Visitor: 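Submitted below is the structure of interest, expressed as structure tokens.
Proteins come first, then strands; the chains are lettered A, B, ... in the order of their sequence lines, and each starts at number 1. None of the values given here were measured: they were computed from a predicted structure.
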Amino acid sequence: MPLILYNTLTRRKEPFVPLDPDRVGMYVCGPTVYDRAHIGNARPVIVFDVLYRLLKRLYPNVVYVRNITDVDDKINARAKESGEPISAITARTAQAFHEDIGALNALPPDVEPRATAHIGQMIVMIQALLERGHAYQAEGHVLFSVPSMSDYGMLSRRTQDELIAGARVEVAPYKQHPADFVLWKPSSQDLPGWDSPWGRGRPGWHIECSAMSKEYLGITFDIHGGGQDLVFPHHENEIAQSVCAHGQPFARYWLHNGYLMVEGEKMSKSLGNFFTVRDLLDQAPGEAIRLCMLSAHYHQPFDWTAEGLKQARAAVDRLYLALRSVAHIQPQGRDEVPIEVLAALKDDLNTPLAVSHLHELATQLNKAATDGEKARWKGALLAGADVLGLLQQDVEAWFRWTPAGGTALSDGRIDDLVQQRIAARKSKNFAEADRIRKELADNGVLLEDGPHGTSWRRG
RNA sequence: GGCCGGGUGGCAGAGUGGCUAUGCAGAGGACUGCAAAUCCUUGUACGUCGGUUCGAUUCCGGCCUCGGCCUCCA
């Protein structure tokens, strides 16, 4: 069964056929580093991480590029507010981004280019657009001429007339057409700027992705991904710039993850339902957050709820409990992704179905009677979880996780109480044993008496 | 106004022209000093009205309804 992907360009599911199976290229729009990542930012990171893991299983060489936007007017505004130097803001925020998404088990991309390190390539591309008659200069700006591209709007399926009608912001007077967008804009001395043929200035938002994808993946490449909100204008404009500058096709498969809502409402700062990844990592382990995200199909809108996170955590608990019961068994077939998990993911990244297969594997593991069966099912469960970026940590570490700033009992204190209870049980002092269990339960610690002794976990 | 995606059992959420999704929650049972975990059994579905069909939750059309986007935004 081939890999099938829903391509926004054609609005249908298509078999994925790479340009060069020996070098599959994927570009995903990364963060603008002016503030900590919120859960909306986390969704594409997790979704495309799963795709990356899947592609690596299917092809020998995958190049995953995810940029960091470190030049942007939002960053400039932040610097002006706080007085913190721009370079400090971007460095600090980029580092925080890496920490946050690392906790969500997102693999680092192969290349993580920064916009400010590719200004030269952007200038070259803008020059090409000017030479080919797809851009013009006006009042220190360089603008892309939307009417110069006959099939502009192919991705978002908009016509140029609609763009005029839909323009709800004031159109800058130097624009020849309301939909024209900025490639380069002048910078005053207090703003970041680079010398260019058009004076000291800075790039527009869209050009960086066009320049950096070409730098690392070539003019035409396989997959371009991002959030659905980027379809227009960002990705539409990337296509316009790249196609018009090079005269050749740009990305072949466009993938977009759906929007993220919170408790049924649009996530926004004014509604007070705006969570950062960091906030959530203080409340729940990263793998619970990750599984929660993967419990709905990437293309659907996702409603983030406290209840959903709770259920996701319970689901991960269940998988780790299955593993805990076979901690002493060496897994077998550790690298063979179970066929049903693979099939689910190859069908346009059907992660909810893949997760359900993980649960079925856990059930089989729980039911396994012989060590041979246990070894086989354990290997299958772990291998299936790997492609989803789940079950990546030590089983006991998972059960010992504790929220930030909590007043949880220490591991050592819990171990002591467990030992006391074991002694009480040995002497048939069940009243004392139950008292200790109750004391631990009151502190959020669950005990499980098994054939191999007593284990505990934080709930 | 334009574009797009939805409406599935208590909840979340896949999927399918006729055959158990899965998890959580519920009920009964086994196991356990008691529990927990686990296993077994089990109840509750496919917005609405038509059409196509031997048969539709699943295809087609109308309707109702929810949500998002339309040059800040993953």
Side-chain angles (χ1 to χ4, degrees), chain A residues 8 11 28-32 37-48 72-74 77 146 153 156-159 161-163 165-169 171-172 175 178-182 204-206 225-234 236-237 256-261 264-269 291-292 294-297 299-303 305 307-319 321-322 324-325 344 347 350-360 362-363 365-367 425 428-431 433-434 437-438 441 446-451 454-457 459:
Chain A
T8 306
R11 304 284 156 103
V28 175
C29 291
T32 300
H38 55 71
I39 44 174
N41 298 312
R43 168 114 107 142
V45 169
I46 292 171
V47 163
F48 291 105
D72 183 276
D73 285 351
K74 286 193 291 291
V146 166
S156 57
R157 308 226 166 161
R158 282 154 211 246
T159 66
D161 288 346
E162 283 169 0
L163 293 171
R168 26 169 231 188
V169 294
V171 177
K175 286 190 181 180
D180 290 350
F181 56 91
V182 170
W205 174 32
H206 315 295
Q228 208 153 63
D229 52 338
L230 293 181
V231 172
F232 187 87
H234 184 52
E236 195 70 74
N237 291 348
H256 294 96
N257 60 273
Y259 297 99
L260 192 134
M261 296 184 299
E265 293 184 301
K266 182 191 175 182
M267 178 178 67
S268 76
K269 284 177 178 168
L291 185 132
C292 191
L294 296 178
S295 67
H297 187 86
H299 205 251
Q300 304 290 18
F302 187 87
D303 190 13
T305 64
E307 178 61 23
L309 179 58
K310 198 176 134 194
Q311 289 198 4
R313 188 172 172 192
V316 184
D317 270 342
R318 180 173 188 269
L319 301 178
L321 278 169
R324 186 184 230 182
S325 69
D347 184 11
N350 192 337
T351 56
L353 189 58
V355 169
S356 82
H357 291 313
L358 251 37
H359 280 292
E360 285 164 353
T363 300
L365 178 55
N366 286 331
K367 285 162 72 170
R425 288 182 76 210
K428 306 275 185 205
N429 185 353
F430 294 120
D434 289 348
R437 192 218 299 283
K438 175 82 164 51
L446 301 175
L447 296 186
E448 279 156 17
D449 298 325
T454 297
S455 56
W456 61 267
R457 60 188 167 109

Visitor: Answer with base, sugar-phosphate or nothing: what part of the nucleic acid does A:A314 contact at a heavy-atom distance below 4.0 Å?
Guide: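 Nothing: the residue A:A314, judged by heavy atoms under 4.0 Å, touches no strand.
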Visitor: Sticking with atom P, work out how far B:C66 lies from B:U57, rounded to a whole angstrom.
Guide: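 Those two atoms are separated by 25 Å.
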Visitor: Of the options B:G23, B:U71, B:G68, whose atoms approach the side-chain atoms of A:K175 most closely?
Guide: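 Comparing B:G23, B:U71, B:G68 against the side chain of A:K175, the answer is B:U71.
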Visitor: Expressed as a whole number of Å, how far does the C1' atom of B:C63 sit from that of B:G7?
Guide: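 The same atom, C1', in both gives a distance of 14 Å.
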Visitor: Using a heavy-atom cut-off of 4.0 Å across all strands, would you classify A:N366 as base, sugar-phosphate, or nothing?
Guide: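 Sugar-phosphate, backbone atoms only, no base.
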Visitor: Could you state the interatomic distance from CD1 (A:I39) to CG (A:L260), rounded to the nearest 0.5 Å?
Guide: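 If I round to the nearest 0.5 Å, the distance is 4.5 Å.
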Visitor: May I ask you to say what A:Q228 touches in the nucleic acid, namely base, sugar-phosphate or nothing, with a heavy-atom cut-off under 4.0 Å?
Guide: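 Nothing, no heavy atom under 4.0 Å.
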Visitor: More 5' along RNA chain B: A:T305 or A:P233, using each one's nearest nucleotide?
Guide: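 Its nucleotide being nearer the 5' end, the pick is A:T305.
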Visitor: First locate atom CD of A:E448, then atom CG of A:L321, and finally report the distance between them rounded to the nearest 0.5 Å.
Guide: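 Interatomic distance, A:E448 CD to A:L321 CG, rounded to 0.5 Å: 5.5 Å.
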Visitor: Would you find a donor on one side and an acceptor on the other, under 3.5 Å apart, between the side chain of A:D449 and the backbone of A:T454?
Guide: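 Flag not set: sc A:D449 to bb A:T454 has no pair under 3.5 Å.
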Visitor: So what does A:K428 hit on the nucleic acid, given a heavy-atom distance under 4.0 Å: a base, only sugar-phosphate, or nothing?
Guide: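 Counting heavy atoms under 4.0 Å across all strands, no contact is made by A:K428.
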Visitor: Within the 4.0 Å heavy-atom criterion, would you say A:L260 contacts the bases, only the backbone, or no part of the nucleic acid?
Guide: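 Base contact.
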Visitor: Identify whether any heavy atom of A:H297 sits under 4.0 Å from a base atom; if not, whether one sits that close to sugar-phosphate; answer base, sugar-phosphate or nothing.
Guide: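 Sugar-phosphate only.
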Visitor: List the atom pairs, donor and acceptor, that lie under 3.5 Å between side-chain atoms in residues 227-234 of chain A and the rest of the protein, sequence neighbours left out.
Guide:
| from | atom 1 | to | atom 2 | distance (Å) |
| --- | --- | --- | --- | --- |
| A:H234 | ND1 | A:H206 | ND1 | 2.9 |
| A:H234 | NE2 | A:E238 | OE2 | 2.9 |

Visitor: Where the side chain of A:R318 is concerned, which of B:U22, B:C24, B:C34 is the nearest nucleotide?
Guide: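 Among the listed nucleotides, the one closest to the side chain of A:R318 is B:C24.
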Visitor: Nearest nucleotide by nearest heavy atom, which residue falls closer to the 5' end of RNA chain B, A:A315 or A:T363?
Guide: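 On the 5' side of the pair lies A:A315.
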Visitor: Return the nearest nucleotide to the side chain of A:W205; candidates are B:C72, B:A21, B:U71.
Guide: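 Minimum distance to the A:W205 side chain belongs to B:C72.
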Visitor: By the 4.0 Å heavy-atom rule, please label A:E236 as base, sugar-phosphate, or nothing.
Guide: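 No contact.
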Visitor: Between atom CZ in A:F302 and atom C1' in B:C4, what is the gap in whole Å?
Guide: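 My rounded result for the distance is 20 Å.
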Visitor: Whole-Å distance between B:U32 P and A:R425 CZ?
Guide: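 It works out to 12 Å between those atoms.
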Visitor: Measuring from A:L353:CG to A:L358:CG, what's the distance to the nearest 0.5 Å?
Guide: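 Rounded to the nearest 0.5 Å, the CG-CG separation comes out at 11.0 Å.
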Visitor: How close or far is atom C1' of B:G5 from atom CG of A:D303, stated in whole angstroms?
Guide: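 Rounded to whole Å, this separation is 14 Å.
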Visitor: I'd like to know if A:D434 reaches the base of B:G33 with its side chain, counting only an N/O donor and acceptor under 3.5 Å.
Guide: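 Side chain to base: pair present.
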Visitor: Taking the P atom in each of B:A74 and B:G67, what is the distance between them to the nearest angstrom?
Guide: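 It comes out at 24 Å once rounded to the nearest Å.
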Visitor: Among B:A74, B:A14, B:G23, which nucleotide sits nearest the side chain of A:Q300?
Guide: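 Among the listed nucleotides, the one closest to the side chain of A:Q300 is B:A14.
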Visitor: If we check side chain to side chain contact (heavy atoms under 4.5 Å, CB included) with A:T32, which of these qualifies: A:D72, A:D73, A:N41?
Guide: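 Per the side chain to side chain contact (heavy atoms under 4.5 Å, CB included) rule, the option paired with A:T32 is A:D72, out of A:D72, A:D73, A:N41.
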Visitor: Roughly how far apart are A:R324 CZ and A:L319 CG, rounded to 0.5 Å?
Guide: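 It comes to 14.0 Å.
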Visitor: Taking the same atom, C1', in B:G50 and in B:G43, what whole-Å distance lies between them?
Guide: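 Comparing C1' positions in B:G50 and B:G43 gives a spacing of 33 Å.
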Visitor: Quick one: which of B:C69, B:U22, B:G15 gets closest to the side chain of A:N350?
Guide: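 So the side chain of A:N350 is nearest to B:G15.
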Visitor: Ignoring hydrogens and angles, are the base of B:G23 and the side chain of A:Q311 linked by a donor-acceptor pair under 3.5 Å?
Guide: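 Per atom types, the contact qualifies.
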Visitor: What contact category does A:R313 fall into here, base, sugar-phosphate, or nothing, at under 4.0 angstrom with non-hydrogen atoms?
Guide: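 Here A:R313 touches no strand at all.
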Visitor: Remember a base hit wins even if backbone is also touched, and classify A:G40 as base, sugar-phosphate or nothing at under 4.0 Å, heavy atoms.
Guide: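 If one applies the 4.0 Å heavy-atom cut-off, A:G40 turns out to touch a base.
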Visitor: If you measure only the distance, is there a donor-acceptor pair under 3.5 Å linking the side chains of A:T8 and A:R157?
Guide: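 No - no donor-acceptor pair under 3.5 Å links their side chains.
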Visitor: Applying a 4.0 Å non-hydrogen cut-off, can you work out what A:L446 is touching in the nucleic acid: base, sugar-phosphate, or nothing?
Guide: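 Here A:L446 touches no strand at all.
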Visitor: Which dot-bracket string fits RNA chain B when only Watson-Crick or G-U wobble pairs with both atom distances under 3.5 Å count, crossing pairs get [ ], and | stands for a partner on a different strand?
Guide: (((((((..(((.....[...))).(((((.......)))))....(((((..]....))))))))))))....
Visitor: Just by distance, do the side chain of A:R425 and the backbone of A:A433 share a donor-acceptor pair under 3.5 Å?
Guide: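 Side chain of A:R425 to backbone of A:A433, a donor-acceptor pair under 3.5 Å: no, none is there.
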Visitor: If you check every side-chain atom of A:N41, which of B:C40, B:A74, B:G23 has the closest atom?
Guide: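 So the side chain of A:N41 is nearest to B:A74.
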Visitor: Do A:R437 and B:A35 share a donor-acceptor pair, side chain to base, under 3.5 Å?
Guide: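 Indeed, a donor on one side and an acceptor on the other fall under 3.5 Å apart.
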Visitor: To the side chain of A:P301, which of B:G5, B:C40, B:C72 is closest?
Guide: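 Of all the options, the side chain of A:P301 is nearest to B:G5.
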Visitor: Which value, in whole Å, describes the distance between the P atoms of nucleotides B:U58 and B:U52?
Guide: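 Each nucleotide's P atom is 15 Å from the other's.
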Visitor: Of all the nucleotides listed (B:C73, B:A14, B:C34), which has the minimum atom distance to the side chain of A:D229?
Guide: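 So the nucleotide nearest the side chain must be B:C73.
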Visitor: Taking NE2 from A:H256 and C1' from B:G68, how many angstroms apart are they, rounded to a whole number?
Guide: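 From A:H256 NE2 to B:G68 C1': 15 Å.
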Visitor: Can you tell me which nucleotide in B:A74, B:G68, B:C39 comes closest to the side chain of A:K367?
Guide: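 Minimum distance to the A:K367 side chain belongs to B:C39.
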Visitor: What integer distance in Å separates A:H38:NE2 from B:C73:P?
Guide: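 These atoms are roughly 11 Å apart.
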Visitor: For A:N257 and B:C4, what is the distance between atoms CG and P respectively, to the nearest whole Å?
Guide: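 These atoms are roughly 19 Å apart.
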Visitor: Classify the side chain of A:R11 versus the base of B:C4 as yes if they form a donor-acceptor pair under 3.5 Å and no if they do not.
Guide: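 Absent.
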Visitor: What is the nucleic acid contact for A:F430, judged by heavy atoms within less than 4.0 Å: base, sugar-phosphate only, or nothing?
Guide: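 Counting heavy atoms under 4.0 Å across all strands, the contact made by A:F430 includes a base.
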Visitor: Nearest 0.5 Å please: distance from the OG1 atom of A:T363 over to the NE2 atom of A:H357.
Guide: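 Result: 12.5 Å between the selected atoms.
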Visitor: What's the gap between B:A14 and B:U53 when it is taken at their C1' atoms, as a whole Å value?
Guide: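 Here B:A14 and B:U53 have their C1' atoms 26 Å from each other.
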Visitor: Whole angstroms only, please: what is the CZ-P distance between A:F232 and B:U71?
Guide: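 From A:F232 CZ to B:U71 P: 7 Å.
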Visitor: In whole Å, I'd like the distance from the CE atom of A:M261 to the P atom of B:G67.
Guide: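 So the CE-P distance, A:M261 to B:G67, works out to 9 Å.
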Visitor: Looking only at the side chain of A:D449 (C-beta and beyond, no hydrogens), which of the listed nucleotides B:C34, B:C72, B:G23 gets closest?
Guide: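 Within the option list, the nearest is B:C34.
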Visitor: Between B:A25 and B:U44, how far apart are the C1' atoms? Round to whole Å, please.
Guide: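 Taking atom C1' in both B:U44 and B:A25, they lie 12 Å apart.
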Visitor: Can you measure from OG1 (A:T305) to CE (A:M261) and round to the nearest 0.5 angstrom?
Guide: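 With rounding to 0.5 Å, OG1 (A:T305) is 10.5 Å from CE (A:M261).
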Visitor: Using the C1' atom on both, measure B:U16 against B:A21 and round to a whole Å.
Guide: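 10 Å, rounded to whole Å.
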